[in-house]
Amino acid sequence: MPARQDQTLQIFLIIFIFAFLVAAVVAFLGWRGYSEASTRATALQTSLNQQTSDSQSKSAELEDMRRTIGFGANDSAADVKKAAEQDMKTYGAPVGDEASRTYRKVMETLYGELQATAAREAELKQKLSDVSKDLMAVKTEAQKQIDEYKAEAAKAQEDLASEKNSFAQYRQSLENGQRQLQKSLDDQRTNYEAQIAKNNATIKDLEDRIGKQEHSIQLFKDQRKDEPGSFEVADGQITYVDQNGTAIINLGSADSLRREVTFSVYDADRHDAAKATKKGSIEVTRILGDHMAEARITKDDATNPILTGDNIYSQVWHRGKKLHFALTGVIDIDGDGQSDLRLARDLIEMNGGIVDAYLGEDGKVHGEIDANTRFLVLGDVPESAVKSVMQQGYHEMSKTASSLGVQTITLPEFIDEMGYKPQDRTVRLGTGAKASDFPPRPDQGAGPAKSPVRFRSGQTTAPAATSGGTP
């Protein structure tokens, strides 16, 4: 504030000096007039005296003015003018127009600017006061936050020290656990290496044993091929045969026999079913007792009829055990070109057998052939484009059966050994039809009607009131 007052005094001093210069100029002009008057002294003596008096008065006034504007009493007008011009250059710039630059105008302009400056200064002081208050509030809030931060920092330091202590304890326990784990790992590695060595020795021993067993199995297969018999012994015998196509067998409920089981029939002196010639087939129709059942004759040869004492054998059913089968290829039992896989499975299961695996029409093998599988039934080899997807499954099952020593049998042989006879046969019509597909009925055609009655060997006429026939 004192600096601002000094500046104001300087401004007033400058104005005063400027006014003094003006007075000096006026004095100079007066002095000059006085000189001219002196030259006219004679003519204007009276006027001179008066002017002298006036000049003395004006000189006094000019001296006062010089002192007023800051010049000395003895300063010349030239000095005053020079100083005035310098002051106008220095302080008269805000006035703008040089012609109107006077000490008064300059002072008024400077005073106006001074007032505006003072107003701005007051406004700035007020703003400064407001800013100072805001700054103080901010400092107070900042100090509060700093105090809170210091408190939190102190607490964080305490928590850090606690966490460091906990971490050191955890790290110590972790290192202890790691050492124990490393020791356990080393022990396990030692045990593992010992186990590997033991397993390698076991594997080598097993490989040697497998090689010997494979050699033994191959020898067994080779010997089995050369055996004179197949060991397929008869399952039972026919104990009675009547003229109506009905037979009684010595198997029944105690033998786990069921209806619809089919048997092939062989002569009584033939005990190896695989080597004997089949003479007919029967199908169980009724269980009569523990070891007695009734069967109908489904196939018979008039020249070699089924007799009492003939042996019966089933490819599927065996007394006291269930045989395991597998089916592959296209299973067409009745020759109609359609798959009878479901029927073949039903026949095996109905006769007490078990189907371990079969080749589906999608080409996938359902089930698995194993060492318990006794027979692999071979259907037709899939050859058409539609059934080509089954070829891989067919060869896969055949290869598996060969590796396990499973006996293979064709579908016709299987059906024939079972003694099964299809009840209905599909006959194709059109250009591919055959005359043999339409045989005459026994009661049609020329000549006397032929009786369908089956006769025993040596019998040529049917007994009275007896009728029936081979299905």
Side-chain angles (χ1 to χ4, degrees), residues 229-301 304-325 333 343-356 372-375 377 407 409 413-423 453-457 463 466-471:
S230 64
F231 300 105
E232 299 293 350
V233 298
D235 294 315
Q237 289 184 336
I238 294 178
T239 59
Y240 175 78
V241 179
D242 65 13
Q243 300 299 320
N244 295 323
T246 301
I248 304 298
I249 61 177
N250 62 348
L251 301 174
S253 59
D255 303 307
S256 300
L257 185 66
R258 298 181 301 175
R259 295 176 62 252
E260 298 184 354
V261 175
T262 58
F263 292 93
S264 298
V265 183
Y266 302 92
D267 288 331
D269 58 348
R270 298 293 183 180
H271 300 288
D272 188 348
K275 303 295 183 180
T277 300
K278 176 181 174 181
K279 62 186 301 185
S281 59
I282 61 174
E283 179 183 349
V284 176
T285 57
R286 188 169 51 159
I287 307 300
L288 301 178
D290 292 343
H291 298 287
M292 181 179 295
E294 179 184 282
R296 69 183 182 91
I297 299 176
T298 58
K299 182 178 181 182
D300 193 10
D301 185 359
N304 187 17
I306 296 175
L307 302 174
T308 300
D310 285 345
N311 294 321
I312 59 175
Y313 168 77
S314 174
Q315 185 76 19
V316 179
W317 185 90
H318 282 267
R319 178 169 20 196
K321 67 176 181 178
K322 294 185 177 182
L323 295 183
H324 293 248
F325 292 81
I333 294 177
L343 175 59
R345 292 172 57 192
D346 290 342
L347 287 175
I348 292 174
E349 294 173 357
M350 185 173 57
N351 283 271
I354 298 175
V355 178
D356 291 336
N372 293 323
T373 307
R374 183 67 179 84
F375 295 99
V377 180
Q407 184 176 347
I409 183 172
E413 292 173 345
F414 172 72
I415 296 300
D416 186 62
E417 291 291 340
M418 282 183 59
Y420 174 77
K421 180 179 180 182
Q423 298 300 314
V453 177
R454 175 184 58 82
F455 302 108
R456 287 183 175 273
S457 178
T466 301
S467 64
T470 304

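Shortest non-hydrogen contact noted between Leu307 and Lys279 is N-NZ, 4.3 Å. When all heavy atoms of Asp310 and Val265 are compared, the pair lying nearest together is CB-CG1, 3.7 Å. For the pair Thr373 and Phe325, the tightest heavy-atom approach, listed with the atom from each and the gap, is CG2-C, 4.1 Å. When all heavy atoms of Leu257 and Ile249 are compared, the closest pair comes out as CD2-CD1, 4.0 Å. Asp356 and Asn372 make their closest contact through OD2-C, 4.3 Å (heavy atoms, listed as atom of the first residue, atom of the second, distance). Listed here is the closest heavy atom pair of Asn311 and Ala268: ND2-O, 3.2 Å.
Distance check, rounded to the nearest 0.5 Å: CG of Asp300 to CD1 of Ile306 gives 4.5 Å. Between atom CD of residue Glu283 and atom OG1 of residue Thr262 there is a gap of 7.0 Å, rounded to the nearest 0.5 Å. Remark: Glu349 CD to Arg258 CZ distance equals 9.0 Å, nearest 0.5 Å. Note: Ile312 CD1 to Ile282 CD1 = 4.5 Å, rounded to the nearest 0.5 Å. Atom CG of residue Leu251 and atom CG of residue Asp290 lie 12.0 Å apart, to the nearest 0.5 angstrom. The CD1 atom of Ile348 lies 10.5 Å from the CD1 atom of Ile354; values are rounded to the nearest 0.5 Å.
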Query raised in the report: Are Leu347 and Phe414 close enough, and set up right, to give a side chain to side chain contact (heavy atoms under 4.5 Å, CB included), and what steps lead you there?
Result: CA-CA 11 Å; Leu347 287 175; Phe414 172 72; 5.8 Å; no

Report task. Apply side chain to side chain contact (heavy atoms under 4.5 Å, CB included) to the pair Val284 and Glu294, showing each step before the final yes or no. Result -> CA-CA 6 Å; Val284 176; Glu294 179 184 282; over 6 Å; no

Requested in this report: Kindly determine whether Tyr313 and Tyr266 satisfy side chain to side chain contact (heavy atoms under 4.5 Å, CB included), including the steps that lead there.
Outcome: CA-CA 8 Å; Tyr313 168 77; Tyr266 302 92; 3.8 Å; yes

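Annotation: side chain of Ile297 is in contact with side chain of Val241 (closest heavy-atom distance under 4.5 Å).
The 12-atom threshold is not exceeded at CZ of Arg286, counting heavy atoms of other residues, nucleotides or ligands nearer than 6.0 Å.
Looking at Thr298, its side chain does come within 3.5 Å of a backbone N or O of Ser281 through a donor-acceptor pair. Side-chain atoms of Asp242 come within 3.5 Å of backbone atoms of Asn244 as a donor-acceptor pair (strictly under, hydrogens ignored).
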